[in-house]
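Sequence lines set the chain letters: A, B, ... in the order given, protein chains first and strands last, and positions in each chain run from 1. Please read all numbers here as calculations on a predicted model, not as lab measurements.
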Protein chains: 2
Amino acid sequence: MAAVAAEAGVAKATAARTLGNYGAVSPEARARVLEAAARLRYRPNSLARSMTTGVTHTIGVVVADIGNPFFAGVLRGIADACDATDYTVIVMSADESIAKESSAIGVLMDKQVDGIVLASAAWRPDQTAHIQEAMSREIPIVLVDRIVPGLELDAVVIDNRQSARDAVRRFVAVGHRRIAFVWGPSAPERPLERERLLSVTDTWLWSSAERLRGYFDALDEAGIVFDPLLVSNCRLNEAATVDSVRAMLALPDPPTAVLTTETTATVGVLRATRDSRFAYPGDISVIGFDDSSWASVMEPPLTMIAQPMRELGRVAAELAFARIGGDRGDAAVETLPATFNSRASVTAPRPQVSLSDDDGR
Amino acid sequence: MAAVAAEAGVAKATAARTLGNYGAVSPEARARVLEAAARLRYRPNSLARSMTTGVTHTIGVVVADIGNPFFAGVLRGIADACDATDYTVIVMSADESIAKESSAIGVLMDKQVDGIVLASAAWRPDQTAHIQEAMSREIPIVLVDRIVPGLELDAVVIDNRQSARDAVRRFVAVGHRRIAFVWGPSAPERPLERERLLSVTDTWLWSSAERLRGYFDALDEAGIVFDPLLVSNCRLNEAATVDSVRAMLALPDPPTAVLTTETTATVGVLRATRDSRFAYPGDISVIGFDDSSWASVMEPPLTMIAQPMRELGRVAAELAFARIGGDRGDAAVETLPATFNSRASVTAPRPQVSLSDDDGR
DNA sequence: CTGTTAGCGCTTTCAT
DNA sequence: ATGAAAGCGCTAACAG
């Protein structure tokens with residue numbers, strides 16, 4: 001920039017005012033500076049600018065896995081919001097590890113981001129030190145997808161509990177009583193009683209726990225007693241899910257309906273059903289979280305609960321911008337509606353032989 | 001940091017040497033500085049550091065759409081590589097627009113990124129000004145997924161042409177002669193003859209053009225004459241794809257096999273087949289690009305060409321690091337292998353009535 | 001409206 | 001091994 005000023009025959013400050021669009025500059029000086037800048041192919045140095053202004057016009061995003069279509073959707077929403085406000089986004093993947101999440105937030109702070117959008121893996125007060133550290137430095141943080149209990153932070157989530165409850169209600173409404181709950185990567189390793197399951201789950205992802213609660217809610221409403229064998233107990237991958245579901249199907253009193261909490265679980269259930277004596281959907285109804293274009297071309301098309309991924313991201317970014325802009329209001333939790341895409345994978349259960357004395361024709 | 005130095009009773013330079021891990025510091029001074037830093041909860045300012053060192057330890061990534069699972073996978077690979085080298089990544093979405101891509105690259109340059117990974121929408125020399133601008137400023141750029149003709153740049157891609165050719169060969173091998181080519185969002189709006197199609201396609205995504213060439217290759221090998229009506233001609237969305245495919249199925253001589261270039265197209269084909277008199281796979285075989293866990297639980301499971309998304313990203317980032325590290329070798333194109341996931345969606349065509357005089361029983 | 005002068009927080013000579 | 005001082009490229013405050 002010193003070169004531009006020299007070339008234009010003005011002081012550095014005048015060149016800076018022109019190129020930075022601030023202050024007052026006479027049209028003539030302005031023109032000369034612009035021309036000189038073009039001739040010299042001048043580009044501003046954002047770092048230097050941020051150095052003096054103290055703002056970077058950048059927000060940091062920390063998610064568990066950028067490769068996961070869910071977070072990719074969220075990121076897309078964040079990018080949309082940033083596009084509209086000329087913000088830049090730095091992404092970091094934390095792999096569900098508090099340590100990685102913590103260091104990611106450190107990097108973001110050091111890079112002087114103006115705000116952070118975080119899908120945290122933290123669920124216990126003693127895991128939130130890094131978040132509180134950032135908070136104490138007055139860096140706006142907005143949680144997305146997952147709430148961290150005990151922290152006064154803005155958050156954008158869907159009503160997981162109600163969505164799960166609604167799904168189970170639909171099963172109940174058409175006559176199901178044996179309803180399984182199959183969750184994704186993280187789940188206990190063996191069947192657990194209700195209380196224990198809830199307490200253990202509390203130590204897991206917030207959203208999964210909420211969905212389990214919704215499942216219990218609907219069971220209670222319908223007066224169905226909870227059977228621990230109808231909750232999947234596997235970890236980490238689709239193969240394990242398949243095994244777990246196979247075990248359920250082999251029960252003397254197998255489930256007639258299944259609620260799955262994410263794509264991996266849904267695919268696992270379908271695979272397990274494929275090579276069993278169960279026909280789908282006739283023998284087993286399915287509802288799953290996280291809709292996909294594939295779900296609609298399954299045979300039959302799958303009923304799914306679609307999360308507004310892009311919206312989640314967009315709203316989270318906007319909340320962050322509001323805080324950056326100086327909003328000092330109370331921390332707010334925005335709950336976005338999930339969409340129930342009703343398709344053909346839910347049917348009434350076949351009358352069971354043992355009960356069907358009026359079915360003997 | 002001045003505060004830390006004061007607190008420790010040393011000069012700024014000594015504190016800096018300790019905190020920045022450079023130069024030589026006596027153990028005692030070092031300890032005092034570290035303690036003071038901890039007491040003051042010191043955090044370094046990366047911007048200031050970059051300001052003097054001239055490096056940011058950050059790479060920029062520009063893709064068409066972060067929400068697209070393909071790019072999300074690529075980004076995941078880039079993040080993996082960055083994780084291993086302590087680099088940070090800034091992502092920008094360009095929506096297939098040269099203007100947006102250009103401004104994104106501008107932002108990245110201004111932020112002083114050390115290198116750029118780019119999936120460009122550019123296909124013509126007069127669309128590459130922004131890329132050349134960055135090149136002239138000596139910023140390492142690595143292309144990923146798409147090659148931009150005429151630019152001496154490193155690139156990481158898959159062999160799209162060969163993958164498509166292999167797929168079509170498989171159709172031919174089991175007896176198909178009427179093979180359709182259905183592509184994704186961007187395609188001509190009406191049926192085009194071969195030459196015209198190729199020239200128009202040249203103006204489209206490089207990877208799509210390559211796949212079309214592979215399709216032609218296999219047709220030629222088998223002595224099948226190209227029928228323009230068997231190439232989808234629609235734009236932008238799944239609904240349009242469905243219409244286009246329906247039109248093909250309504251032909252007097254409909255296709256018996258379809259190659260799709262991406263998920264949207266694949267789903268479109270399946271949907272079009274659903275409510276037609278065509279049974280799948282009996283009447284119509286399908287192979288598609290971009291595998292998904294869903295594809296394996298379709299009925300029947302879909303044969304798909306899986307791109308090594310994560311690898312593409314990882315290798316691209318590593319090439320960028322090498323350039324940043326000073327590698328001045330010739331620009332290289334890395335071609336990664338695609339994986340052919342053979343499943344049950346390819347069957348021999350049913351003998352056609354008009355030809356089947358030995359089928360009249 | 002324009003120029004001069006300080007810094008922003010760090011690294012980097014260059015002395016000591 | 002340590003300190004003093006210069007400077008990265010820019011904005012901000014103050015004179016003029």
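Salt-bridge formation is detected for the pair R41(B)/E133(A): a Lys NZ or Arg NE/NH1/NH2 atom is positioned less than 4.0 Å from an Asp or Glu carboxylate oxygen. Remark: R32(B) does not engage E35(B) in a salt bridge, criterion side-chain N to carboxylate O under 4.0 Å. A salt bridge is defined here as a Lys NZ or Arg NE, NH1 or NH2 lying under 4.0 Å from an Asp or Glu carboxylate O, and R76(A) with D95(B) meets this definition. Checked for salt-bridge contact, D83(B) and K100(A) meet the test: a charged N lies under 4.0 Å from a carboxylate O.
In this entry the distance linking CG of N21(A) with P of dC10(D) reads 14 Å, nearest Å. The nearest whole Å value for the distance from the CG atom in L19(A) to the C1' atom in dA12(D) is 16 Å. For the pair R30(B) CZ and dT2(D) C1', the computed distance is 15 Å after rounding to whole Å. In this structure, CG of D110(B) is placed 13 Å from C1' of dC10(D), rounded to the nearest angstrom. The CZ atom of R32(B) sits 12 Å away from the C1' atom of dT2(D) (whole-angstrom rounding). We find that CG of L47(A) is positioned 17 Å from C1' of dG7(C), with the value rounded to whole Å. Rounded to an integer number of Å, the gap from CD of Q112(A) to C1' of dG9(C) is 9 Å. The distance from atom CE of M1(B) to atom C1' of dT11(C) is 8 Å, rounded to the nearest whole Å.
One finds no side-chain N or O of T14(B) lying less than 4.0 angstrom from the OP1 or OP2 phosphate oxygen of dT2(D). Between dT2(D) and S26(B), a contact under 4.0 Å exists linking OP1 or OP2 to a side-chain N or O. Proximity of Y22(A) to the phosphate of dA12(D): no side-chain N or O atom is located under 4.0 Å from OP1 or OP2.
Counting any heavy atom pair closer than 4.0 Å across all strands shown, A2(B) reaches no nucleic acid atom.
Checking dT11(D), dC8(C), dT11(C) against the side-chain heavy atoms of M51(A) singles out dC8(C) as nearest. Distances were taken from every side-chain heavy atom of A13(A) (C-beta onward) to each of dC10(C), dA12(D), dT11(D); the shortest belongs to dA12(D). Comparing dC10(D), dT2(D), dC10(C) by their nearest atom to the side chain of N45(B) picks out dC10(C). With distances taken from any side-chain atom of K12(B) to the nucleotides dC1(C), dT2(D), dT11(C), the minimum falls on dT11(C). If you check dT11(D), dC10(C), dA4(D) against the side chain of R49(B), the one that comes closest is dC10(C). Among dT11(D), dG3(C), dT2(D), the nucleotide with an atom closest to any side-chain atom of V10(A) is dG3(C). Candidate nucleotides dC10(C), dT11(D), dT2(C) were compared by shortest atom distance to the side chain of V25(A), and dT2(C) ranks first.
Side-chain atoms of Q112(A) and S50(A) include no donor-acceptor pair closer than 3.5 Å.
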**OP:** Start with the C-alpha distance between N160(A) and S207(A), add both sets of side-chain angles, then the distance that settles side-chain hydrogen bond (donor to acceptor under 3.5 Å, both in side chains), and finish with yes or no.
**Re:** CA-CA 6 Å; N160(A) 288 287; S207(A) 54; 5.0 Å; no
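In this model, a side-chain donor or acceptor of R17(A) finds a partner on the base of dG3(C) within 3.5 Å.
Both G9(B) and A48(B) sit near DNA chain D, but only G9(B) has its closest nucleotide nearer the 5' end.
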